[in-house]
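Below you'll find the structure, written out as structure tokens, and then a few comments.
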Number of protein chains: 2
Amino acid sequence: MGAIAAQAVTRSVEDYLKAIYRLSTAGQPATTSAIAGLLELSPPSVTGMVKRLSEQGLLAHEPYRGVALTAAGRRLALRTVRRHRLVESYLVAYLGYSWDTVHDEAERLEHAISDELAERMAAALGNPGVDPHGDPIPTADGDIAEVTGVPLSDVPEGVAVEVRRVDEHDAERLRYLASLGLVPGALVTVTGREPFGGPVMLRTPAGTHALGPSLAGDILCGRPAE
Amino acid sequence: MGAIAAQAVTRSVEDYLKAIYRLSTAGQPATTSAIAGLLELSPPSVTGMVKRLSEQGLLAHEPYRGVALTAAGRRLALRTVRRHRLVESYLVAYLGYSWDTVHDEAERLEHAISDELAERMAAALGNPGVDPHGDPIPTADGDIAEVTGVPLSDVPEGVAVEVRRVDEHDAERLRYLASLGLVPGALVTVTGREPFGGPVMLRTPAGTHALGPSLAGDILCGRPAE
DNA sequence: ATCCGGATTTAGGGTATCCGAATTTTGCTG
DNA sequence: CAGCAAAATTCGGATACCCTAAATCCGGAT
Ligand SMILES: [Mn+2]
Ligand SMILES: [Mn+2]
Ligand SMILES: [Mn+2]
Ligand SMILES: [Mn+2]
């Protein structure tokens with residue numbers, strides 16, 4: 001109550017809310033500089049927008065400390081996340097996109113599609129639970145599944161695990177990972193590790209490979225389904 | 001040459017160019033107030049934008065007279081028109097939209113899709129020549145077919161003609177026309193006319209109907225294909 | 001307790017887009 | 001050709017975002 005006008009939620013606003021959601025979900029504090037880093041904006045721009053969004057009741061801002069989404073902010077963030085992941089899924093399923101090229105397209109379309117279109121795409125896809133990168137798709141009601149698992153960098157040797165989610169947006173890295181067979185659903189076994197920041201040795205359906213530790217940290221694995 | 005920065009063509013700019021293209025194509029002068037009317041903006045806003053677009057070389061502006069697209073402006077306008085009509089066609093063909101509901105969605109998506117996505121949609125559709133309303137879809141090179149034909153309001157009595165294009169965006173009117181069977185490709189015969197602004201009497205596959213003269217003017221007809 | 005460096009915010013500006021009110025121009029019209 | 005009304009433009013102002021430079025704050029280290 002109180003809040004009269006839902007007014008225009010602009011593209012900028014949606015991207016800010018999504019970035020803050022992402023940071024919070026990753027367990028990181030949503031600081032001014034973290035948000036600025038994600039959105040590639042200057043810190044003063046973020047301070048200004050944060051102030052506006054707080055006044056609109058979408059954020060709780062503790063000056064000099066950081067921000068958190070309010071319930072209303074979280075709802076809007078999840079709406080945008082849902083659209084983003086549905087668009088990615090649709091483009092891969094029906095329009096010949098691959099997982100390394102969908103992100104930029106979705107980054108724009110997430111702000112342009114109507115609820116109607118989002119739900120039609122979801123229906124065409126059979127209401128998928130995850131997107132091409134293994135990220136869970138929030139429901140239209142704003143529920144979202146937890147992502148659980150262990151980073152490939154921490155998976156014990158000799159255990160066959162399944163790739164659950166690849167937390168990476170860079171197209172080149174995604175193509176590289178796909179070339180190693182490291183895509184959601186694939187089975188992987190860590191066969192060894194080199195010390196001092198060395199690579200993870202692993203076996204996938206695509207063969208045996210050595211993977212740098214930072215990329216390995218972006219790959220979340222879990223027990224193979226059934 | 002000369003023009004260095006193509007810079008960001010914003011949504012507003014694309015909509016202005018499209019409106020001016022529409023007026024010019026319809027043979028109407030692209031005056032300040034006509035543009036303002038189409039875009040639902042105030043005349044001073046249009047004057048300001050027209051000035052900016054002229055400086056960018058997209059329009060030729062004769063103060064107090066009107067504007068015309070330059071070659072560059074026309075190219076951008078046709079690009080947006082292509083996207084609009086491809087989006088409409090795609091949504092109808094693949095996502096269960098009907099011709100009365102696609103316009104608003106396309107009005108936003110036309111600004112958000114990449115060239116890549118536009119061409120993938122075109123390919124999925126088999127590179128269609130017209131959209132669901134019978135409007136010709138410009139090619140990626142910026143060629144566009146002429147629309148020829150006679151308004152249903154001027155079709156002589158007793159001649160079977162084919163509906164070519166329905167120049168109408170209002171959802172209710174489009175649903176009404178569809179209910180009378182007046183959609184692109186349908187065969188129609190004018191069976192009579194009432195004078196003094198009275199209706200056109202006509203026969204379609206959906207039966208016999210009386211149609212108001214203003215709607216009849218929005219329906220372009222031609223000789224049935226072979 | 002004080003200092004310092006990094007993070008954050010404030011100050012001051014800039015662009016794009018829109019508006020209403022006031023003014024100017026134009027194309028009649030008598 | 002003076003007078004007028006409609007159309008177009010100019011003027012002044014607002015909002016949303018974004019930036020750089022200059023304070024200011026904060027938490028840890030002396
Ligand atoms: Mn985005
Ligand atoms: Mn994704
Ligand atoms: Mn538009
Ligand atoms: Mn159309």
Side-chain angles (χ1 to χ4, degrees), chain A residues 3-20 23-24 28-68 73 76-77 80 107-108 110-112, chain B residues 3-20 23-24 28-68 73 76-77 80 107-108 110-112:
Chain A
I4 305 294
Q7 56 208 47
V9 178
T10 66
R11 176 182 172 157
S12 283
V13 168
E14 288 181 339
D15 280 336
Y16 271 92
L17 295 175
K18 201 156 58 90
I20 293 162
L23 289 167
S24 308
Q28 295 166 50
T31 62
T32 298
S33 50
I35 298 166
L38 271 187
L39 298 177
E40 302 185 86
L41 298 173
S42 70
S45 299
V46 173
T47 299
M49 178 65 99
V50 158
K51 192 172 302 181
R52 251 172 291 145
L53 296 182
S54 297
E55 281 159 12
Q56 289 178 47
L58 299 173
L59 296 180
H61 182 208
E62 292 244 28
Y64 290 101
R65 286 299 159 72
V67 299
L76 279 174
T80 307
E107 200 56 56
R108 276 173 289 107
E110 66 191 356
H111 313 292
Chain B
I4 306 294
Q7 56 208 44
V9 177
T10 66
R11 176 181 173 159
S12 283
V13 168
E14 289 181 339
D15 280 336
Y16 271 92
L17 295 176
K18 201 157 55 92
I20 293 162
L23 289 167
S24 308
Q28 295 166 50
T31 62
T32 297
S33 50
I35 299 166
L38 270 186
L39 297 177
E40 300 185 87
L41 297 172
S42 71
S45 299
V46 173
T47 298
M49 178 65 99
V50 158
K51 191 171 303 177
R52 252 172 291 145
L53 296 183
S54 297
E55 282 158 12
Q56 289 177 46
L58 299 173
L59 295 181
H61 183 207
E62 292 244 29
Y64 290 100
R65 286 300 159 73
V67 298
L76 278 175
T80 307
E107 200 56 57
R108 277 172 286 108
E110 65 191 356
H111 313 292

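Within every chain, numbering begins at 1; the chains are lettered A, B, ... in the order of the sequence lines, protein sequences first and strands thereafter.
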What are the atom names and distances for every N/O pair under 3.5 Å that joins the protein to nucleotides 10-15 of chain C?
residue: C:dT10; atom: OP2; partner: A:Lys51; partner atom: NZ; Å: 2.7

Please tell me if the side chains of [X] and [Y] come closer than 4.5 Å, counting only heavy atoms from C-beta onward.
{"X": "A:Leu58", "Y": "A:Arg52", "value": "no"}
{"X": "A:His111", "Y": "A:Val9", "value": "no"}
{"X": "B:Thr80", "Y": "B:Leu17", "value": "no"}

Are [X] and [N] close enough that a side-chain N or O sits under 4.0 Å from OP1 or OP2?
{"X": "A:Ser45", "N": "D:dC17", "result": "no"}
{"X": "A:Arg52", "N": "D:dA16", "result": "no"}
{"X": "A:His61", "N": "C:dT9", "result": "yes"}
{"X": "B:Arg65", "N": "D:dA8", "result": "no"}

Atom-pair distance ([atom1] on [X]; [atom2] on [N]), nearest Å:
{"X": "B:Leu23", "N": "D:dA7", "atom1": "CG", "atom2": "C1'", "value": "15 Å"}
{"X": "B:Leu53", "N": "D:dT9", "atom1": "CG", "atom2": "P", "value": "13 Å"}
{"X": "B:Met49", "N": "C:dA16", "atom1": "CE", "atom2": "C1'", "value": "8 Å"}
{"X": "B:Leu58", "N": "C:dA16", "atom1": "CG", "atom2": "P", "value": "13 Å"}
{"X": "B:Glu55", "N": "C:dT17", "atom1": "CD", "atom2": "P", "value": "12 Å"}

inquiry  = For the CG atom of A:Leu59 and the CG atom of A:Leu53, what is their distance to the nearest 0.5 Å?
reply    =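 CG of A:Leu53 is found 5.0 Å from CG of A:Leu59.
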
inquiry  = As an exercise, state the distance from CD of A:Glu107 to CZ of A:Arg11, rounded to the nearest 0.5 Å.
reply    =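 Answer rounded to 0.5 Å: 6.5 Å.
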
key: Non-neighbouring partners of B:Glu14 that pass salt bridge (Lys or Arg N to Asp or Glu O under 4.0 Å), sequence neighbours left out   = none

request  = For B:His61 and B:Gly66, work out which heavy atoms get closest and say how close.
outcome  = CD2-O, 3.5 Å

inquiry  = Looking at every non-hydrogen atom in both residues, tell me the closest pair between B:Arg65 and B:Thr31 and how far apart they are.
reply    = O-CG2, 4.1 Å

query = By a strict heavy-atom criterion of less than 4.0 Å, which residues belonging to residues 10-17 of chain A are in contact with DNA chain C?
reply =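 Listed by number, there are none.
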
Strictly under 3.5 Å: I want the nitrogen or oxygen pairs between protein and nucleotides 2-6 of chain D, one per line.
none

Under 3.5 Å, which donor-acceptor pairs do the side chains of residues 32-46 of chain A form with other protein atoms, sequence neighbours left out?
residue: A:Ser42; atom: OG; partner: A:Ser45; partner atom: N; Å: 3.4
residue: A:Ser42; atom: OG; partner: A:Ser45; partner atom: OG; Å: 2.9

message = Under 4.0 Å, heavy atom to any atom of DNA chain D: which of residues 29-42 of chain A qualify?
response = A:Leu41, A:Ser42

